[in-house]
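Please read the structure below before turning to the comments.
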Amino acid sequence: MPPLVGAELIQTPVQLYRYLLRCCRQLPTTAMQQHYRHTIRQGYNSHSDEDDLERVQMIIQRAIADADWILDKYTKKK
């Protein structure tokens, strides 16, 4: 189950980037939000020159799954 509505509509790296930044807003502390925003930005910059569409889709799927895991990890600790 994706953390936010619309995960299945993501097709481009820019859409993924924006989606992941929106996911960061759901993290409980400001420090976590800043850490993961930095990590998302670094990942986006390091893969910005990727040309293989199949590889881009693999990255998108993995990033959504990772975001789901991270949000589950931190939001279910209550």
Side-chain angles (χ1 to χ4, degrees):
M1 174 88 162
L4 293 177
V5 176
E8 65 279 352
L9 301 175
I10 296 173
Q11 297 294 320
T12 66
V14 174
Q15 290 173 336
L16 175 66
Y17 180 73
R18 294 182 69 207
Y19 174 82
L20 293 174
L21 290 178
R22 285 192 303 272
C23 288
C24 281
R25 293 183 198 149
Q26 295 182 356
L27 292 170
T29 66
T30 305
M32 283 183 204
Q33 291 174 5
Q34 290 175 347
H35 170 77
Y36 284 106
R37 273 197 307 260
H38 177 74
T39 302
I40 291 164
R41 190 174 302 116
Q42 293 295 80
Y44 180 78
N45 289 335
S46 69
H47 293 289
S48 64
D49 61 345
E50 188 66 54
D51 291 333
D52 184 13
L53 295 179
E54 190 173 315
R55 172 82 172 124
V56 169
Q57 287 304 313
M58 287 175 42
I59 292 169
I60 288 172
Q61 291 170 358
R62 181 58 191 222
I64 291 170
D66 288 349
D68 187 23
W69 182 82
I70 289 168
L71 286 176
D72 281 346
K73 177 181 174 184
Y74 289 117
T75 56
K76 291 188 179 179
K77 272 191 164 178
K78 294 180 182 179

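Small disclaimer: the values here were computed from a predicted structure and weren't measured.
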Rounded to the nearest 0.5 angstrom, the CG-CG distance for Leu21 and Leu16 is 9.5 Å
Side-chain heavy atoms nearer than 4.5 Å, only ILVMFWY residues, links allowed to pass through others: does that put Val56 and Tyr19 together? yes
With a 4.5 Å cut-off on side-chain heavy-atom distances among I, L, V, M, F, W and Y, is there a chain of contacts connecting Leu27 to Trp69? yes
To the closest 0.5 Å, what do you measure between CG (Asp68) and NZ (Lys73)? 13.5 Å
Look at atom CG of Leu53 and say whether more than 12 heavy atoms of other residues, nucleotides or ligands are closer to it than 6.0 Å. no
In the structure I gave you, are the side-chain heavy atoms of Gln26 and Gln33 within less than 4.5 Å of one another anywhere? no
Could you give the distance from CD (Gln15) to CD1 (Ile60), rounded to the nearest 0.5 Å? 7.5 Å
Using the rule that Ile, Leu, Val, Met, Phe, Trp and Tyr join whenever any side-chain heavy atoms are under 4.5 Å apart, tell me whether Ile64 and Met58 fall into a single cluster. no
Quick check: do Leu20 and Asp66 have side-chain heavy atoms less than 4.5 Å from each other? no
Please list all pairs meeting ring-ring contact (aromatic ring centres under 6.0 Å, His included) that have one or both residues in residues 40-65, counting only residues at least two apart or in different chains. Tyr17-Tyr44
Side-chain donor-acceptor contacts of residues 34-43 below 3.5 Å, not counting sequence neighbours, with atom names and distances?
from  : atom 1 : to    : atom 2 : distance (Å)
Thr39 : OG1    : His35 : O      : 3.0

